[in-house]
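Lettering of chains follows the sequences in order, A, B, ..., and the numbering in each one begins at 1. Because the structure is a prediction, the values reported are computed rather than measured.
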Number of protein chains: 2
Amino acid sequence: MNPDISRERENASFNLEILTNVLDGGAEKTNRRREIESLVIGDPDFQHEDLNFLSRSERYDAAVRKSAQMILKLREYGISDPEEIYSYKTCVHRGRPEPLDLHLGMFLPTLLNQSSPAQLETFFMPAWNLEIIGTYAQTEMGHGTHIRALETTATYDPSTQEFVLNSPTISSIKWWPGGLGKTSNHAIVLAQLYTQGKCHGLHAFITPIRCMKTHMPLPGVVVGDIGPKFGFDEVDNGYLKLENVRIPRENMLMKYAKVEPDGTYVKPPSDKLTYGTMVFIRSMIVGESARALSKSCTIAIRYSAVRHQSELRPGEPEPQILDYQTQQYKLFPLLATAYAFHFVGQYMSKTYHRISGDINLGDFSELPELHALSAGLKAFTTWAANTGIEVCRMSCGGHGYSRCSSLPDIYVTFTPTCTYEGENTVMMLQTARYLVKSYKQARAGQQLTGIVSYLNESQSRIQPHSVSTRPNVVSINDLASLVEAYKFRAAKLVEVAAKNLQLELQHSKSNEDAWNNSSIDLVRASDAHCHYVVVKLFAAKLSEIGDEAVHSVLSTLALLYALYGVAQNSGDFLKAGLLSVSQLDQISQRLKGLLLEIRPNAVALVDAFDYRDEMLNSSLGRYDGNVYEHMFEWAKRSPLNHTEVHESHNKYLKPLRSKL
Amino acid sequence: MNPDISRERENASFNLEILTNVLDGGAEKTNRRREIESLVIGDPDFQHEDLNFLSRSERYDAAVRKSAQMILKLREYGISDPEEIYSYKTCVHRGRPEPLDLHLGMFLPTLLNQSSPAQLETFFMPAWNLEIIGTYAQTEMGHGTHIRALETTATYDPSTQEFVLNSPTISSIKWWPGGLGKTSNHAIVLAQLYTQGKCHGLHAFITPIRCMKTHMPLPGVVVGDIGPKFGFDEVDNGYLKLENVRIPRENMLMKYAKVEPDGTYVKPPSDKLTYGTMVFIRSMIVGESARALSKSCTIAIRYSAVRHQSELRPGEPEPQILDYQTQQYKLFPLLATAYAFHFVGQYMSKTYHRISGDINLGDFSELPELHALSAGLKAFTTWAANTGIEVCRMSCGGHGYSRCSSLPDIYVTFTPTCTYEGENTVMMLQTARYLVKSYKQARAGQQLTGIVSYLNESQSRIQPHSVSTRPNVVSINDLASLVEAYKFRAAKLVEVAAKNLQLELQHSKSNEDAWNNSSIDLVRASDAHCHYVVVKLFAAKLSEIGDEAVHSVLSTLALLYALYGVAQNSGDFLKAGLLSVSQLDQISQRLKGLLLEIRPNAVALVDAFDYRDEMLNSSLGRYDGNVYEHMFEWAKRSPLNHTEVHESHNKYLKPLRSKL
């Protein structure tokens, strides 16, 4: 054990295990998570060479092998709780996506939720037993966000009782679905349904794409891998071009909408259930933001505790880089953010489960708010984590660029969350739509409830012209007061956006143009709303913490999170008259004080995330702090070192000499 | 040609070629650059498979082959002007680093500048003819920024007239030098010189590391590749561990310092010349920031002109995504930034060449200012470009994650500039040191000249307490007035940092602690200083533009750059009383107007950067806009598509079925 990092741990002011339990949601959950981790990490069937040393084809191969093993073992151990399956999978693939993700996470659930009983009978067991391996083929080359414009067609032919599937243009080729390129033999294809000469919009079709015996593509099916990406080397994201591919009528998912044998179309009753799935996935992504950022902070903070560089005081040994104020100012606000997002993730998950009970009883009343919240928070947290991972990486100096740090991998694995499951700017605008609607309702005298209820107050308390003269009500050391400040800022920015939208409506050609011409303001309003929600939920979490020492350190983090956000957005707070110039100066000084308060607990605060070395897979982030020894051992195994003399030397450099 | 992108070009309000010439620094330079590009791009010896489809070893192999060819051809064509060599090299390797970079860019120049005449005689021609291939081994595993603490030792043994080189610890292993792992047979090793029982600090030693015949590592030399990184696949960044490696006395570079045969040490006269090289490289990096960002903007803006998505107006076709205000707000400020950095890069290069004339005549008077400026601007521009590239990538939706977009490659190739040649935060603090020193001089009554002369005025015009009540002097449509506002902001933040430093000195244990405890403020002061310089230089450039149409479009960009910066840092401007709340609202509206003004010229403005398709190597950024066709063709060539059925299917998935 590196003595620097041991000393850090001795200095911690709180009991680690208590905080870990808070993060996991209880001691029992911590224990079960650890059990599952031990099960996987000790299992020789999941061992393999460091993925960084493999080609993409080898990485895909290793991932398929582990996924196949995983399926066997999950059944062997009887692990069936979705959260536990998720833990197990995360551990097997160390947080990376894998080739069967879409089969397990989309194909099977969609079958379950959207099949008629007869279809379930036909397809479910073969899919459960991986005779059918499926994916979910929605996105096309030319269409992602706006799914109504998808171009793939499924035209019903009553003479044979088949659908004829086609990709009529280049831009209609299905593009990106995971597992589509090489792994799957079926796809649930989203296509425009045509029957009796009429288009009935998007429907889902179970489409065989490869022969179940030979695994060769079926006639009319052009399928393959879309090529290398920024990360996601283990996944065969694929393309699919359909040329008059015929499938039986029974392959349209018919729990809701139906096409009868003669071609008569029967409408679905409601589509709110699929809306729920989207909300669920986006809520999960908030948790992913927390995990990606907390891993990155773990690596950067542990490394900063063992790395010594430059001199603070002449003649003294080089200090730990964690003692530099600039390093603390990079990392500690991110650490606070990781904690904040963990708690927001917990809240989202809890709320989703609470509300989905209501949804199952037919009560959709809370869904719009949760939908708006999950969209905005998905964007807010993924953007922040995305930037934060890179700040962590660059705070490690040169070694952050090495794959052995794991930071490049965390980044490339995480960054797609900014785009998939709802592009972030689009998400922010969805939330803004809800905020503007709520604002208008409040102005019309309706009493709002839930998280937007602050827009009620805005009617009475945020008057035009009074804003810049509002007395300063914020106490910069009081979290509750800061929550209020964030609330007023959000209210103010929602108001600005709504008013600008109103103004635009007076000159614009259409509502849509007005919306577009106000969208910068709308995104800012959503951002401020989400920021408020995060600060509020962090503050609320504190009231649940019984342990005094843990409460104290989390309070410091929460205050840092809140004040850092004020400093980064000081213009908004000044403009709204929520803070004075001299308070801003006090905040700058207070922030420096908070960094010093967190400093002795920094390593313990990342230890509490409880990532095993095997999960982090980072030379820089090792628990024992023996960074350099490990880097050297790792580097020796680099494929370029398999031979002492690389063949290029004899092929090109040696002959060159004689020509010069 | 995609009709959308043709239409964009027809709408441009200015003559493209004139702007390209402005960017290149004259029509002649444009022509010569194009000549060189044609020479390389038409040359079959430089053709190869898309690098994205190759393993790292294959990529390294391809790079060595091209570098060897390049050396031959440069001599064949008689290209010897450093700028032209740089152009040629950039074109051969498409902006990527290559295995001989350190040989050509560091080993040969260091030999030339620091060898005694006898050493030049011995080493230069073999190195010129690539019998000796060298690298520059400075950074160690445990030491980057603070080179005085390097641990490698070179101990003089007068009995054999040799130096004995050692890596005494794990952390002293040389780590990162490009070309060290597999390519080089020599290294200039930076080591602590010991002679006659005394350490004389760092000196440079020409150290043979591999046999010149067999290319095998020499006895006592442990050398290899440091393993895969975030990008830089073509370069064998290496490690070097020296175990009692003996080299002749004549291998210490002895133009300045010397060790005599008996071990007597002779001091160097001055080290200011090496200081100059650092300034030169950092100035060059400013230009790299401009190039990386302008490439990214080219790709994102062209793609946004051909990509259609969602609906603005119901019933109408999906609009070009470039018509979304949020998309414009992401991309156009970055476009303006790319232009700004191009002009700053030109200024830095011109200034360096002007000053290096003086330096050669022994006049070092302007060097400190240039040193401070190059450090800060290196950090300021690389950070901005680094973030900007990712914004461009994510503005392309899902396809930005594909390697065929080239955006991931631009990012990983560029991001190390934030760390190498001076870690950015360290750079900002170096600039801050100069600013604080200047501030103190001004307060002491000295009249400052040059770029910091604004700190003079601050003495008379920025009085304590008067700041928040300063009348608003800024006209938001007048660039000159905005330059003044940026100047006052910088002056204010330098003052804040200097005063906080002064306060800290009253409680801190030492100057160094006080410095550390003020470093957040110091970095902000540098940042504001650099921001001011960039706005000022952009404004200054406009006065050189004769063509009215080009002047007009660049003026719009400059205004966008300046106002966007104000909006992003509104707290500073409000706090300093430079702008009122209502002016900030006007700026928000004005920014939207500027986006609309730039919109019709956006594609032409990126066309003017004049990157050939072969240089961009991006499906999304193609000049002809035929994005989807090209992506599909590219994807088909993915290595995973070499066989229809991946072997993992038969190895793992097929057998799995029988077990379930």
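A donor-acceptor pair shorter than 3.5 Å cannot be found between the side chains of B:Ser648 and A:Lys182. With no hydrogens or angles considered, a side-chain donor-acceptor pair links A:Tyr60 and A:Thr183 at under 3.5 Å. A donor-acceptor pair shorter than 3.5 Å can be found between the side chains of B:Ser171 and B:Thr169. At a cut-off of 3.5 Å, with distance as the only test, a side-chain donor of B:Asn386 or B:Tyr411 sits close to an acceptor on the other residue.
Both the backbone and the side chain of B:Thr326 come within less than 4.5 Å of a heavy atom in chain A. Heavy-atom distances place the side chain of A:Val523, and not its backbone, under 4.5 Å from chain B. For B:Trp175, the part sitting under 4.5 Å from any heavy atom of chain A is the side chain, from C-beta outward, and nothing else. Of the atoms belonging to B:Gln328, not a single heavy atom falls under 4.5 Å from chain A. No part of A:Leu591 comes within reach of chain B, as not one of its non-hydrogen atoms sits under 4.5 angstrom from that chain. Proximity to chain A is limited to the backbone of B:Lys213, based on heavy atoms less than 4.5 angstrom apart. Both the backbone and the side chain of B:His399 come within contact range of chain A, with heavy atoms under 4.5 Å apart. With a 4.5 Å cut-off on non-hydrogen atoms, A:Asn424 does not touch chain B at all. Proximity to chain B is absent for every atom of A:Leu54, based on heavy atoms less than 4.5 angstrom apart. Only the side chain of A:Glu318 comes within less than 4.5 Å of a heavy atom in chain B; its backbone stays farther off. Interface remark: B:Arg75 contributes side-chain atoms only to the contact with chain A (heavy atom separation under 4.5 Å). Proximity to chain B is limited to the side chain of A:Val412, based on heavy atoms less than 4.5 angstrom apart. With a 4.5 Å cut-off on non-hydrogen atoms, A:Leu130 touches chain B through its backbone and its side chain both. Looking at B:Asn626, neither its backbone nor its side chain comes within 4.5 Å of chain A, counting heavy atoms on both sides. Proximity to chain A (any heavy atom under 4.5 Å) is shown, for B:Met631, by both the backbone and the side chain. At a 4.5 Å heavy-atom cutoff, the contact between B:Asn500 and chain A is made by side-chain atoms alone. Neither the backbone nor the side chain of A:Ser395 has a heavy atom closer than 4.5 Å to any heavy atom of chain B. Residue contact with chain B, scored on non-hydrogen atoms closer than 4.5 Å, involves the side chain of A:Gln589 exclusively. Contact annotation for A:Tyr239: only side-chain heavy atoms (C-beta onward) come within less than 4.5 Å of a heavy atom of chain B. In this structure, chain B has a heavy atom under 4.5 Å from the side chain of A:Arg307, while its backbone stays farther away.
In this structure a side-chain-to-backbone donor-acceptor pair under 3.5 Å is present from A:Thr387 to A:Trp383. Between the side chain of B:Asp61 and the backbone N or O of A:Glu647 there is no donor-acceptor pair closer than 3.5 Å. When atom types are taken as modelled, the side chain of B:Asp225 and the backbone of B:Asp236 share no donor-acceptor pair closer than 3.5 angstrom. Side-chain atoms of A:Ser519 come within 3.5 Å of backbone atoms of A:Asn516 as a donor-acceptor pair (strictly under, hydrogens ignored). Using a distance-only test at 3.5 Å, with no hydrogens or angles considered, no donor-acceptor pair links the side chain of B:Lys659 to the main chain of A:Leu72.
When B:Glu131, B:Gln327, B:Lys241, B:Gln325 are compared by the number of non-hydrogen pairs under 4.5 Å with chain A, B:Gln325 comes out ahead. No other option in B:Asn650, B:Val627, B:Asp585 has as many heavy-atom pairs under 4.5 Å with chain A as B:Asp585. Chosen from B:Ile520, B:Thr419, B:Asn52, B:Leu660, the residue pairing most often with chain A at heavy-atom distances under 4.5 Å is B:Ile520. Of the listed residues A:Ile226, A:Leu100, A:Thr415, the one with more heavy-atom pairs under 4.5 angstrom with chain B than any other is A:Thr415. In terms of heavy-atom pairs under 4.5 angstrom with chain A, the leader among B:Ser518, B:Gly571, B:Ala63, B:Gly400 is B:Gly571. Ranked by heavy-atom pairs shorter than 4.5 Å toward chain B, the options A:Pro416, A:Cys404, A:Ser405 are led by A:Pro416. Of the listed residues (A:Glu390, A:Gln309, A:Glu423), the greatest number of heavy-atom pairs within a distance under 4.5 Å of chain B belongs to A:Gln309. Most heavy-atom pairs under 4.5 Å with chain A, from the set B:Lys636, B:Arg637, B:Arg393, B:Met394: that is B:Arg393. By number of non-hydrogen pairs under 4.5 angstrom with chain A, the leading residue of B:Ser67, B:Gly231, B:Ala567, B:Gly142 is B:Gly142. When A:Gly181, A:Ala68, A:Pro99, A:Cys418 are compared by the number of non-hydrogen pairs under 4.5 Å with chain B, A:Ala68 comes out ahead. Top candidate by heavy-atom pairs under 4.5 Å with chain B, chosen from A:Lys229, A:His215, A:Glu512, is A:His215. Counting heavy-atom pairs under 4.5 Å between each of A:Trp176, A:Phe232, A:Tyr329 and chain B puts A:Trp176 at the top.
Side chains of B:Leu522 and B:Trp515 form a contact here, defined as non-hydrogen atoms less than 4.5 Å apart. A:Ile133 places none of its side-chain heavy atoms less than 4.5 Å from the side chain of B:His649. Two residues are said to be in side-chain contact when any heavy atoms from C-beta on lie closer than 4.5 Å; A:Asn129 and B:Arg657 fail this criterion. Taking 4.5 Å as the limit, every side-chain heavy atom of A:Thr214 sits out of range of all side-chain heavy atoms of B:Glu644.
With sequence neighbours left out, B:Ser310 forms a side-chain contact (heavy atoms from CB on, under 4.5 Å) with A:Thr145, A:His146, B:Tyr324. Annotation: side-chain hydrogen bond (donor to acceptor under 3.5 Å, both in side chains) contacts of A:Glu311 (sequence neighbours excluded): B:Arg148.
Heavy atoms of other residues, nucleotides or ligands lying less than 6.0 angstrom from CZ of A:Arg403 number more than 12. Counting non-hydrogen atoms of other residues, nucleotides and ligands closer than 6.0 Å to CZ of B:Arg524 gives a total of 12 or fewer.
Within the model, atoms NZ of A:Lys575 and OG of A:Ser570 stand 12.5 Å from one another, a figure rounded to the nearest 0.5 Å.
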